[in-house]
Amino acid sequence: MTATYLYCEYKPGLEGIPAAKSGISYVDGKQGILEYRGIRIEELAAKSSFLETAYLLIWDKLPTKEELTEFETDILYHRRIKYRIRDMMKCFPETGHPMDALQTSAAALGLFYSRRALDNPDYIRQAVVRLLAKIPTMIAAFHQMREGNDPIQPNDELDYASNFLYMLTERKPHPLAAKIFDVCLTLHAEHTINASTFSAMVTASTLTDPYAVVASAVGTLAGPLHGGANEEVLLMLEEIGSVENVRPFIEKCVANKQKIMGFGHRVYKVKDPRATILQNLAEQLFEEMGHDDYYDLALELEKVVEEQLGSKGIYPNVDFYSGLVYRKLGIPTDLFTPIFAIARVAGWLAHWKEQLGVNRIFRPTQIYTGVHNAPYIPIAER
Ligand code: SDX
């Protein structure tokens, strides 16, 4: 459906409409290419780390050894959260979704750091460090408290990825698990103007504080059509239950035009390159830690969906295999999307910083479909 109006075509969901000029990442949906600051995602997944990638995305350069060490150390020093935020979390219902707990506590960070100095590079860096450092701690703290436990303090001997897994279990993770988890964070860090990044940009365009920007984006990421899909994929696999049930399940979804979680993408019309890397990571974990029958289900799902919907460009996206990796790492299903948020904070903040340099408040127009000069009818006459 398109309608020509004023200056350009109206496209539902702004499909294909540029909302910004950006040099942060690039996606070729036809060839399945993803680049962060021009570097292919396969290179970064194989050779970089999440914090180095975050630095690249935000400051548009690969850090020197000294710059990276200073950045990692800054983040390590800021991992702890204010006791008031912990006390606030104690009032959250254990049954609440961790994404709602994260959105609330991300916004609460702003209460402690409300001074806005958006033209000061030191303020920008401080906000980046605090958000990257504290988001994992807040997620892990909520998880411990909903289990009835005291939060586990960050372990300063552990790197970024290992420390998050440690705060969930109080055990130092297997080196392979920590490495693979770090790669997952790199893969989820950035993806041009997706819904949650766009939400961050719109919020940032009013020159509010970066904590409100991230809180907006967390709320957007939570939806099942976006970051929430990784949790939905696992629930779908549980529902299907066996390889034999895959085909009937898919045929029913297709017949009812029901979206299959973990498949399809606004931009990719081939298999998401991140899905391919995540699939390989899952296979590495299965080799080391034992097979997961859900993987057989996933392979059959991918085969049947390609058969039925491949012609429409419906292939696995980033959310299809990520959950199988997290499940093998022993991470609860409802923490999958908060983990997506841990990583995507890097992308949201990269776009926040880029936009501040050329900011103009977002204020699109509309195609008015209502009436004019309508009468006000007194309530007694309605
Ligand atoms: C992420 O934008 C990003 O970059 C996002 C992301 C990132 O890194 O930030 O990549 C992360 O959000 C990945 C997507 C996770 N979501 C899901 O897995 C949920 C299932 N996927 C769909 O809801 C859907 O594919 C979207 C939301 C991802 C994209 O939707 P679009 O571009 O609006 O596509 P559409 O709904 O207009 O569908 C176009 C056609 C329709 O068929 P027709 O009406 O033309 O016959 O494709 C069909 C749809 O029915 N279709 C699907 C499908 N996705 C699209 N059919 C079955 N299953 C699906 N998953």
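Counting starts at 1 for both ligands and their atoms, in listed order. Keep in mind that the numbers below use all heavy atoms, side chains included, and drop hydrogens, waters and symmetry copies.
Using a cutoff of 4.0 Å between basic side-chain nitrogens and carboxylate oxygens, Arg37 and Asp60 are scored as salt-bridged. Salt bridge Arg80/Asp156: present, at least one basic N to carboxylate O contact under 4.0 Å. In this structure, Arg274 pairs ionically with Asp272, as a charged nitrogen and a carboxylate oxygen lie closer than 4.0 Å.
Shown in contact with Gly262 at under 4.0 Å from a heavy atom are these atoms of ligand 1, numbered in order with element: 17 (C), 18 (O). Residue Asn194 has at least one heavy-atom neighbour below 4.0 Å for each of these atoms of ligand 1: 2 (O), 3 (C), 4 (O), 5 (C), 9 (O). Applying the 4.0 Å criterion to heavy atoms of Met261 picks out, from ligand 1, the atoms 18 (O), 19 (C), 20 (C).
Of the candidates Ile260, Leu225, Val267, the one placing a heavy atom closest to atom 27 (C) of ligand 1 is Leu225. Of the listed residues (Glu15, Lys269, His265, Lys257), the one carrying the non-hydrogen atom nearest atom 43 (P) of ligand 1 is Lys257. Closest heavy-atom approach to atom 33 (O) of ligand 1 within the set Arg274, Gln308, Arg266, Glu190: this belongs to Arg266.
Donor-acceptor pairing under 3.5 Å is lacking for the side chains of Ser196 and Thr220. For the 3.5 Å distance criterion, the side chains of His291 and Asp296 qualify, holding a donor opposite an acceptor. With 3.5 Å as the limit, one finds no donor-acceptor pair spanning the side chains of Tyr326 and Glu231. When only modelled atom types and interatomic distance are considered, Thr69 and Glu72 share no side-chain donor-acceptor pair under 3.5 Å.
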Problem - Leu281 vs Cys184, side-chain contact (heavy atoms from CB on, under 4.5 Å): CA-CA, chis, key distance, verdict - result: CA-CA 9 Å; Leu281 295 176; Cys184 288; 4.1 Å; yes
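In terms of protein heavy atoms, atom 49 (C) of ligand 1 is closest to Lys259 CE, 3.6 Å. The single protein non-hydrogen atom nearest to atom 41 (C) of ligand 1 is Lys312 NZ, 4.3 Å, given as residue, atom name and distance. Closest to atom 14 (C) of ligand 1, if we only count protein heavy atoms, is Asn317 ND2, 3.6 Å. Nearest protein heavy-atom neighbour of atom 20 (C) of ligand 1: Phe263 O, 3.4 Å. If you check which protein heavy atom lies closest to atom 12 (O) of ligand 1, you get His226 ND1, 2.8 Å. From the protein, the heavy atom lying nearest to atom 13 (C) of ligand 1 is Asp319 OD2, 3.5 Å. Nearest non-hydrogen protein atom to atom 55 (C) of ligand 1 is Ile314 CD1, 3.5 Å. Ranking protein heavy atoms by distance to atom 4 (O) of ligand 1, first place goes to His191 ND1, 2.6 Å.
For atom 39 (C) of ligand 1, the protein comes within 4.0 Å by no heavy atom at all. Taking a distance limit of 4.0 Å, we find that atom 30 (O) of ligand 1 is approached by no protein heavy atom.
Relative to the six-membered ring of Tyr113, Arg130 meets both conditions, a distance below 6.0 Å and an angle of at most 45° to the axis.
For the side chain to side chain donor-acceptor pair (under 3.5 Å) criterion with Ser25, the lone passing option out of Glu35, His191, Glu190 is Glu190.
Ring orientation note: the planes of Phe142 and Phe92 are tilted relative to one another, at an angle of 30° to 60°. Between Trp59 and Phe71, the ring planes are perpendicular. Angles over 60° get that label, and only those under 30° would be called parallel.
Within the 4.0 Å heavy-atom criterion, the part of Leu309 lying near ligand 1 is the side chain and not the backbone. In Glu232, neither the side chain nor the backbone holds a heavy atom less than 4.0 Å from any atom of ligand 1.
Remark: ligand 1 and Ala229 share no N or O pair separated by less than 3.5 Å (distance only, no angle test). For ligand 1, the polar-atom distance check finds an N/O of Arg344 within less than 3.5 Å of one of the ligand's N/O atoms. Not a single N or O atom of Ala195, backbone or side chain, sits closer than 3.5 Å to an N or O atom of ligand 1.
If you look at Tyr315 and Tyr268, their ring centroids are not closer than 6.0 Å. Taking the six-membered ring where the residue is Trp, the centroids of Phe198 and Phe362 are separated by under 6.0 Å.
The shortest separation from a heavy atom of Pro224 to ligand 1 is under 4.0 Å, placing the residue in contact. Not a single heavy atom of Gly13 sits less than 4.0 Å from an atom of ligand 1.
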